[in-house]
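Notes follow once the structure below has been shown.
Given the structure is predicted, the values throughout are model-derived calculations rather than measurements.
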Amino acid sequence: ETGVTQTPRHLVMGMTNKKSLKCEQHLGHNAMYWYKQSAKKPLELMFVYNFKEQTENNSVPSRFSPECPNSSHLFLHLHTLQPEDSALYLCASSQDSWGSNEKLFFGSGTQLSVL
Amino acid sequence: GQSLEQPSEVTAVEGAIVQINCTYQTSGFYGLSWYQQHDGGAPTFLSYNALDGLEETGRFSSFLSRSDSYGYLLLQELQMKDSASYFCALNPGSARQLTFGSGTQLTVLP
């Protein structure tokens, strides 16, 4: 148990669907992250939030829309995805995003399949 | 930019010692982290080297040599449960985020 919970664990969606991924951390951290993990590739940073403010958008297509209502919750809203967006989406948290970001706490991820 | 290179697969037997290497290219960084990820599980933090040398945490040790642009994770007394993917990650500092390697799949055989 890492203290970071992601739901759902698995998601299958069509290209015209709208769905949301949810992440919650119980560690009292101030920074939260979305990563994309594809087979045999490095973890790919998507978004960073620090104290609820988005501090980084790593050139992510607009069909991915993050939301961070407070420091404990992070959402990733998905719409009109493409099959190449199929991947494991990981949420992570850290104490903050500038001085303590070498130690990330990850959730188990949402395995997304886009048909 | 930054890039890291790790072997894609390593196989070893139970009870043995295995070293997973990570070479990198960067103009500057604060330190090197290591993460473990079991199939279907969350990546979990193992260790962090801010300085050159060896950091030991139980059966796992991590090493960094800035002059050689190289680090490694050493796993001793291997157990079946150590079968997992291991990722190195550079901390570039200055409020920038970690850059991860592609990961090394370790298989421990009985």
Side-chain angles (χ1 to χ4, degrees), chain A residues 1-10 23-27 29-51 53-60 88-111, chain B residues 1-10 20 22-26 28-51 55 57 60 62 64 71 73 84-106:
Chain A
E1 180 58 54
T2 63
V4 180
T5 305
Q6 287 187 246
T7 55
R9 287 299 308 273
H10 302 273
C23 177
E24 183 175 0
Q25 57 97 358
H26 306 275
L27 301 168
H29 289 165
N30 297 303
M32 296 188 78
Y33 309 75
W34 281 116
Y35 280 88
K36 177 182 178 182
Q37 186 175 32
S38 303
K40 306 295 185 187
K41 293 174 71 174
L43 272 72
E44 190 180 325
L45 179 66
M46 300 175 72
F47 301 102
V48 182
Y49 279 83
N50 202 37
F51 292 91
E53 299 298 318
Q54 187 180 122
T55 57
E56 194 153 339
N57 175 339
N58 202 22
S59 303
V60 180
L88 181 67
Y89 289 85
L90 290 163
C91 173
S93 71
S94 66
Q95 189 58 49
D96 56 60
S97 68
W98 60 73
S100 305
N101 58 346
E102 75 279 0
K103 184 174 182 178
L104 300 177
F105 292 76
F106 285 89
S108 296
T110 295
Q111 186 65 53
Chain B
Q2 301 183 318
S3 65
L4 300 98
E5 205 164 307
Q6 309 177 230
S8 58
E9 296 177 350
V10 172
I20 299 174
C22 175
T23 56
Y24 57 83
Q25 290 187 325
T26 181
F29 70 107
Y30 277 16
L32 188 71
S33 298
W34 286 92
Y35 288 80
Q36 177 193 61
Q37 185 180 27
H38 288 98
D39 274 351
T44 56
F45 174 84
L46 290 176
S47 68
Y48 179 66
N49 292 73
L51 303 174
E55 290 282 341
T57 309
F60 293 2
S62 58
L64 177 64
L73 181 68
S85 290
Y86 292 85
F87 297 87
C88 56
L90 271 178
N91 178 7
S94 302
R96 291 174 294 153
Q97 304 308 319
L98 295 182
T99 299
F100 283 85
S102 299
T104 299
Q105 176 67 50
L106 170 66

Interchain contact, T44(B) with chain A, by part (heavy-atom threshold 4.5 Å): side chain
For E102(A) against S33(B), the heavy-atom pair lying closest together: O-OG, 3.0 Å
More than 12 heavy atoms of other groups within 6.0 Å of Q25(B) CD: no
Heavy-atom pair of closest approach, residues F106(A) and A42(B): O-CB, 3.3 Å
Nearest-0.5 Å distance, NZ of residue K103(A) to CG of residue L46(B): 10.5 Å
Heavy-atom contact with chain B under 4.5 Å, split by part of F105(A): neither
Part of L43(A) within contact of chain B (heavy atom distance under 4.5 Å): both
Pairs of heavy atoms under 4.5 Å with chain A: top-ranked of Q105(B), Q37(B), H38(B): Q37(B)
Side chain / backbone / both / neither for Y35(B) at chain A, heavy atoms under 4.5 Å: side chain
Considering all heavy atoms, the nearest F100(B)-L104(A) contact: CZ-CD1, 4.3 Å
Heavy-atom side-chain proximity of F87(B) to Q37(A) below 4.5 angstrom: yes
Contacting region of E56(A) [heavy-atom separation from chain B under 4.5 Å]: side chain
